[in-house]
Amino acid sequence: MKRVGILTSGGDCQGLNSTIRAVAKTLYNYYGPDDVEIIGIIDGYRGLIYGEYRRMKPENFSGILTMGGTILGTSRQPFKLMRVIDENSVDKVAAMKKNYKKLNLDCLVVLGGNGTQKTANLLREEGLNVVSLPKTIDNDLWGTDITFGFQSAVDIATNVIDCIHTTATSHGRVFIVEVMGHKVGWLTLYAGIAGGADIILIPEIPYDINSVVKTIKARTASGKNFSILAVAEGAISKELASLPKKQKKAAIAEMKYPSISYKIADEIEQATGQETRVTVPGHFQRGGSPDPYDRVISTRFGVAAAQLIIDKNYGNMVALRNGKVVPVPLEEIAGKLKTVPIDCEEIKTAKAMGISFGD
């Protein structure tokens, strides 16, 4: 009997269930439903730590291809605290290893983002058989060209920008759409280009508010009575970016605005006199059904992960590279962030069309 544990960790996103489904269906198809047992770990690593799980059946994986969220539940368990004994005197790493062995697992399948991959690699180092999959709407996982959940989030953020265009033109306003992404700007960049934003601000390119204002004034002078800004929640000004790390962190903590977008909006209004509004779609961006692209890529990822289990090729994350799904060693990708290169083709394309990045 082949026994495989599956867990989803970190924030939810589109494509989790379709990926889980692909792993399960491939294993059932290869071994036969009577010769493989899939254990669903409840609420991510927390379930592995505290022994919360359920034995799955083939019917549990039917009808979930288009379902958002995760049927297994999820939670955030910061990597930096994984080796810290908690308030209940629980050694989390020891507890995870104990429950893995108690369940007599041949492999643990992990779906998650950066922190999740770091913990997956930690478990690999501790001797567990692990296969992981790249999940995040931020598309910031090192080693893969794309993550599942990203394209669905781009679709939603783009739709918000599309809808804002009509009210912005009707009222002659400046609108800021704040897109998810604390450390990287892939989602903002793609949604900004797809939605026809006039200004795109991402964490990788610190902005000068004077440059932003200059772009808006130039649009007004040319007869365009509105402007659209796609702003990553982690966008940062040049002044703030130049500060030492501790001072920067303190300045952000002391900011009187709900987020950076509201600060930018206030500065634009004061400099231009033009009414400026902020729209924050927030968690809408990672909710709902996966789009067709994510259904396909998550299915490809899930099948590839199952094949790694069949081949006993553990210690890898499945990734998309140059159009092909391939295994990438966890030790090579864990802890690395895939930021937007400031000389990438997407940014060059946007700038060639006159989109400002506030630099």
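All values below come from the heavy atoms of this structure, side chains included, with hydrogens, waters and symmetry mates left out. Along the sequence shown, residues carry numbers from 1. Note that the coordinates shown come from a computational prediction; the quantities given were computed from them, not determined experimentally.
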Exercise for review: Considering non-hydrogen atoms only, spot the tightest contact between A230 and G192 and give its length.
Suggested key: CB-CA, 3.9 Å

**Study point:** Cationic N near anionic O, under 4.0 Å, K2 to E37
**Key:** no

Practice item. Check the side chains of D294 and S152 for a donor-acceptor pair under 3.5 angstrom, ignoring hydrogens and angles. Key: yes

Exercise for review: Flag the pair D343 and K348 as a salt bridge only when some basic side-chain nitrogen lies within less than 4.0 angstrom of an acidic carboxylate oxygen.
Suggested key: no

Practice item. Taking the side chain as every heavy atom from C-beta outward, state whether D138 and F150 have any atom pair closer than 4.5 Å. Key: no

Practice item. Verify side-chain hydrogen bond (donor to acceptor under 3.5 Å, both in side chains) between R219 and S227, making sure each step is shown before the conclusion. Key: CA-CA 8 Å; R219 284 179 54 79; S227 293; 3.0 Å; yes

Review point. Do T8 and V110 have side-chain heavy atoms sitting under 4.5 Å apart?
Key: no

Point to revise | Closest heavy-atom pair and its distance - D208, N210 | key: OD1-N, 2.9 Å

Practice item. Report the C-alpha distance between I49 and V90 in whole Å, list the side-chain angles of each, state the deciding distance to 0.1 Å, and finish with yes or no for side chain to side chain contact (heavy atoms under 4.5 Å, CB included). Key: CA-CA 8 Å; I49 293 167; V90 174; 3.9 Å; yes

Practice item. Please answer: with hydrophobic residues joined when any side-chain heavy atoms are less than 4.5 Å apart, are L330 and L337 in the same cluster? Key: no

Practice item. Carefully, step by step, assess D359 and K351 under the rule salt bridge (charged side-chain N to carboxylate O under 4.0 Å, His left out). Key: CA-CA 11 Å; D359 51 347; K351 286 187 172 183; 2.8 Å; yes

Check your understanding: What are the two closest heavy atoms between A191 and I161, and how far apart are they?
Key -> O-CD1, 3.4 Å

Check your understanding: Do L240 and I268 share a hydrophobic cluster (ILVMFWY, side-chain heavy atoms under 4.5 Å, transitive)?
Key -> no

Review point. Once the angle between the rings of F301 and F148 is folded into 0 to 90°, is it parallel (under 30°), tilted (30 to 60°) or perpendicular (over 60°)?
Key: tilted

Point to revise | Audit row: D106, N129, side chain to side chain contact (heavy atoms under 4.5 Å, CB included) steps and yes/no | key: CA-CA 7 Å; D106 293 293; N129 296 331; 5.6 Å; no

Point to revise | Check against side chain to side chain contact (heavy atoms under 4.5 Å, CB included), K217 and T272 | key: CA-CA 7 Å; K217 286 183 175 180; T272 66; 4.2 Å; yes

Check your understanding: Does one side chain, of S261 or E178, offer a donor that lies under 3.5 Å from an acceptor on the other?
Key -> yes

Practice item. Answer yes or no: is there an ion pair linking R286 with D12, defined by an N-O contact shorter than 4.0 Å? Key: yes

Practice item. Quickly, which of E126, K101, M82 forms a side-chain contact (heavy atoms from CB on, under 4.5 Å) with M96? Name it, please. Key: M82

Review point. Do I39 and R54 have side-chain heavy atoms sitting under 4.5 Å apart?
Key: no

Exercise for review: Verify, without hydrogens or angle tests, whether K92 (side chain) and V84 (backbone) share a donor-acceptor contact under 3.5 angstrom.
Suggested key: yes

Review point. Does one side chain, of Q117 or S132, offer a donor that lies under 3.5 Å from an acceptor on the other?
Key: yes

Point to revise | Flag if over 12 foreign heavy atoms under 6.0 Å of CD, E59 | key: yes

Point to revise | Smallest separation among heavy atoms of L16 and G69, with atom names | key: CB-O, 3.4 Å

Check your understanding: With no hydrogens and no angle check, is any side-chain donor or acceptor of D43 less than 3.5 Å from a backbone partner on R46?
Key -> no

Check your understanding: Side chains of D140 and N114: is there a donor and an acceptor less than 3.5 Å apart?
Key -> yes

Review point. Nearest heavy-atom pair of Y207 and I260: which atoms, and what distance?
Key: OH-CD1, 3.5 Å

Exercise for review: Check whether more than 12 heavy atoms from other residues, nucleotides or ligands sit under 6.0 Å from atom CD1 of I342, and answer yes or no.
Suggested key: no

Review point. Between K135 and G11, is there a donor-acceptor pair closer than 3.5 Å when you use the side chain of the first and the backbone of the second?
Key: yes

Check your understanding: Looking at E233 and K263, does any basic side-chain N land under 4.0 Å from a carboxylate oxygen?
Key -> no

Check your understanding: Taking the six-membered ring where the residue is Trp, are the ring centres of H165 and F226 under 6.0 Å apart?
Key -> yes

Review point. For M353, does the CE atom sit with more than 12 other heavy atoms under 6.0 Å from it, leaving out its own atoms?
Key: no

Exercise for review: Verify the distance criterion only: is there a donor paired with an acceptor across the side chains of Y257 and D266 at less than 3.5 Å?
Suggested key: yes

Practice item. Spell out, as yes or no, whether a donor-acceptor pair under 3.5 Å connects the side chain of R277 to the backbone of I176. Key: no

Practice item. Identify the two heavy atoms, one from A153 and one from I137, that lie closest to each other, and give their separation to 0.1 Å. Key: CB-CB, 3.6 Å

Point to revise | Steps toward side chain to side chain contact (heavy atoms under 4.5 Å, CB included) verdict (D291, Q14) | key: CA-CA 8 Å; D291 70 1; Q14 307 90 336; over 6 Å; no

Check your understanding: Should Y31 and V23 be regarded as members of a common hydrophobic cluster, given that ILVMFWY residues are connected when their side-chain heavy atoms come within less than 4.5 Å of each other, either directly or indirectly?
Key -> yes

